[in-house]
Amino acid sequence: MEGRRVMGWAARDVSAHLSPYSFTLRKTGPEDVVLKVLYCGVDHTDLHQMRGELMPINYPLVPGHEVVGEVVEVGSEVNKFKLGDKVGVGCLISSCGKCLSCNSNNEQYCNQRVFTYGAINKDGTPTHGGFSSAMVVHQKFVVQIPEKLAPEQAAPLLCAGVTAYSPLKQFNNSDKAIKAGILGLGGVGHLAVLIAKAMGHHVTVISSSEKKKVEALEHLQADAFLVSSNAAEMEGAAASLDYILDTVPAFHSLEPYISLLKAGGKLIFVGVSTKPLHFNNDELILGNKSLTGSFIGSMEETQELLDFWAEKGLSTMIEVVKMDYINKAFERLERNDVRYRFVLEVAGSNLE
């Protein structure tokens with residue numbers, strides 16, 4: 001079926017200023033789902049991408065990869081969804097489907113993965129994200145939003161949430177008490193605290209100052225709070241954590257955090273730094289410690305997280321805004337002036 005004309009908001013250059021933009025969706029195929037976008041989460045990665053800091057960008061760029069919508073059309077071979085379903089789309093909209101990663105339900109590591117925006121569809125058209133009125137996505141890369149979960153609540157789970165859930169899953173249902181560290185209390189960090197707590201871990205939030213202490217301990221119910229600039233506190237917590245989830249999307253020193261890990265502990269990176277990070281490897285060798293990374297999560301894990309979230313009755317902490325506020329929202333996001341995630345009410349916005 002011929003592509004439909006839709007409205008979105010796009011960045012035209014590295015200034016990352018967004019404004020209205022009209023474009024045509026790709027043609028729908030037999031396994032495609034067409035969704036009316038209801039809500040879309042606002043991610044720090046969107047800012048990096050709009051500025052061209054992570055990869056070369058072809059403008060105009062319509063961002064948004066935490067997309068919740070309503071199914072308005074399905075292809076003839078779609079068997080997972082029906083009209084009216086509330087569904088989600090995360091960071092990917094395609095992969096090769098044949099490699100080892102794809103065949104092991106780890107399509108996020110496929111070398112031919114296609115990102116939700118800023119990439120090229122298989123038909124040669126550019127991919128555009130959820131800062132738009134509608135999307136066309138293959139059913140493999142669409143997830144069901146549980147009935148118990150409000151659509152705006154679900155949006156941050158589709159990138160930030162699964163980014164935390166995927167690496168933490170390895171520590172779930174452990175036969176020993178797990179002592180966790182969450183470094184950084186932003187969009188991914190606050191969800192990581194909630195997920196780790198729901199998994200039964202003892203959670204320490206690590207931050208550079210005390211300004212988020214009340215939020216961490218009272219709002220998010222973390223068990224402990226550690227100020228990384230306080231040498232005495234850091235020394236007192238040495239060798240105490242089984243893992244640290246590093247959510248910081250900026251340059252930072254690693255050695256203070258490596259020292260917090262027990263022997264055999266893991267420092268897991270999920271925040272992308274635009275500058276190289278440095279460390280001495282002696283503590284890794286002497287303590288059998290490891291540095292590792294994790295990239296978003298699989299489609300299977302995304303559905304798992306949505307179901308887990310609904311089952312545990314968890315709530316994301318969000319600020320819902322309209323599209324005409326989006327440039328201001330990104331200014332605030334860069335100042336960490338949001339608790340803890342902006343969610344765009346796309347369907348309720350004037351996109352013209």
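Predicted model, so just to flag it, every value in this text is computed and none were measured.
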Donor-acceptor contact below 3.5 Å, side chain Asn103 vs main chain Leu100 = no

Are any non-hydrogen side-chain atoms of Phe279 and Leu284 less than 4.5 angstrom apart?
-> yes

Are side-chain N/O atoms of Glu301 and Tyr165 paired as donor and acceptor at under 3.5 Å?
-> no

Just by modelled atom types, is the Gln144 backbone N or O under 3.5 Å from a matching donor or acceptor in the Gln303 side chain?
-> yes

Determine which pairs satisfy salt bridge (charged side-chain N to carboxylate O under 4.0 Å, His left out) with at least one residue from residues 273-292, sequence neighbours left out, and list them in order.
-> Glu283-Lys289

Kindly indicate, with the supporting measurements, whether the criterion side chain to side chain donor-acceptor pair (under 3.5 Å) is fulfilled by His201 and Asp223.
-> CA-CA 9 Å; His201 302 173; Asp223 299 288; over 6 Å; no

Could you tell me whether a side-chain N or O of Glu31 sits under 3.5 Å from a main-chain N or O of Glu77, the two making a donor and an acceptor?
-> no

For the side chain of Glu152 and the backbone of Val343, is there at least one donor-acceptor N/O pair under 3.5 Å apart?
-> no

Arg341 vs Asp43, salt bridge (charged side-chain N to carboxylate O under 4.0 Å, His left out): CA-CA, chis, key distance, verdict | CA-CA 8 Å; Arg341 199 75 162 178; Asp43 189 1; 3.2 Å; yes

Verify salt bridge (charged side-chain N to carboxylate O under 4.0 Å, His left out) between Lys148 and Glu311, making sure each step is shown before the conclusion.
-> CA-CA 8 Å; Lys148 291 195 291 185; Glu311 175 194 334; over 6 Å; no

Under 6.0 Å between ring centres, would you say that holds for His65 and Phe115?
-> no

Tell me yes or no: between the side chains of Thr24 and Arg4, is some donor less than 3.5 Å from an acceptor?
-> no

Looking at Arg26, Lys27, Gln139, which one forms a side-chain hydrogen bond (donor to acceptor under 3.5 Å, both in side chains) with Asp32?
-> Arg26

Looking at side-chain heavy atoms only, is the closest gap between Leu241 and Ile206 below 4.5 Å?
-> yes

Hey, is the main chain of Ala232 close enough, under 3.5 Å, to the side chain of Asn230 for a donor-acceptor pair?
-> yes

Validation row: Thr316, Leu194 side chains within 4.5 angstrom (heavy atoms) | no

Salt bridge Lys266-Asp242, side-chain N to carboxylate O under 4.0 Å | no

Any side-chain donor near an acceptor of the partner, Glu255 and Asn280, under 3.5 Å = yes

Would you say the side chain of Ile326 lies within less than 4.5 Å of the side chain of Leu344, judging by non-hydrogen atoms?
-> yes

Would you indicate whether the side-chain heavy atoms of Leu220 and Met317 approach each other to under 4.5 Å?
-> yes

Rounded to the nearest 0.5 Å, what's the gap from CD on Glu73 to OG1 on Thr28? Could you check?
-> 4.5 Å

Phe330 and His17: ring pair (Phe, Tyr, Trp, His ring centres under 6.0 Å), yes or no, with the steps?
-> CA-CA 9 Å; Phe330 274 116; His17 182 82; over 10 Å; no

Does NZ belonging to Lys211 count more than 12 external heavy atoms closer than 6.0 Å?
-> no

Using distance alone, with no hydrogens and no angle criterion, decide if Ser94 and Arg113 have a side-chain donor and acceptor under 3.5 Å apart.
-> no

Any side-chain heavy atom of Ser19 sitting closer than 4.5 Å to one from Arg12?
-> yes

Applying ring pair (Phe, Tyr, Trp, His ring centres under 6.0 Å) between Tyr340 and each of His219, His190, His44, report the one that passes.
-> His190

Determine yes or no for a side-chain-to-main-chain donor-acceptor pair under 3.5 angstrom, with Ser132 supplying the side chain and Met7 the backbone.
-> no

Whether Phe23 and Tyr21 hold their rings parallel, tilted or perpendicular, with breakpoints at 30° and 60° | parallel

Does the side chain of Leu245 come within less than 4.5 Å of Leu267's, by heavy atoms?
-> no

Determine yes or no for a side-chain-to-main-chain donor-acceptor pair under 3.5 angstrom, with Lys197 supplying the side chain and Val203 the backbone.
-> no

Please state whether the rings of Tyr109 and Phe295 are parallel, tilted or perpendicular, taking 30° and 60° as the class boundaries.
-> tilted

N/O donor-acceptor pair under 3.5 Å between Asn106 side chain and Ser104 backbone = yes

Is a side-chain donor or acceptor of Tyr39 paired with a backbone partner of Gln153 at a separation under 3.5 angstrom?
-> no

Shared ILVMFWY cluster between Val137 and Leu83, side chains joined below 4.5 angstrom?
-> yes

Mark yes or no for whether Ser166, through its side chain, and Val162, through its backbone, hold a donor-acceptor pair below 3.5 Å.
-> no

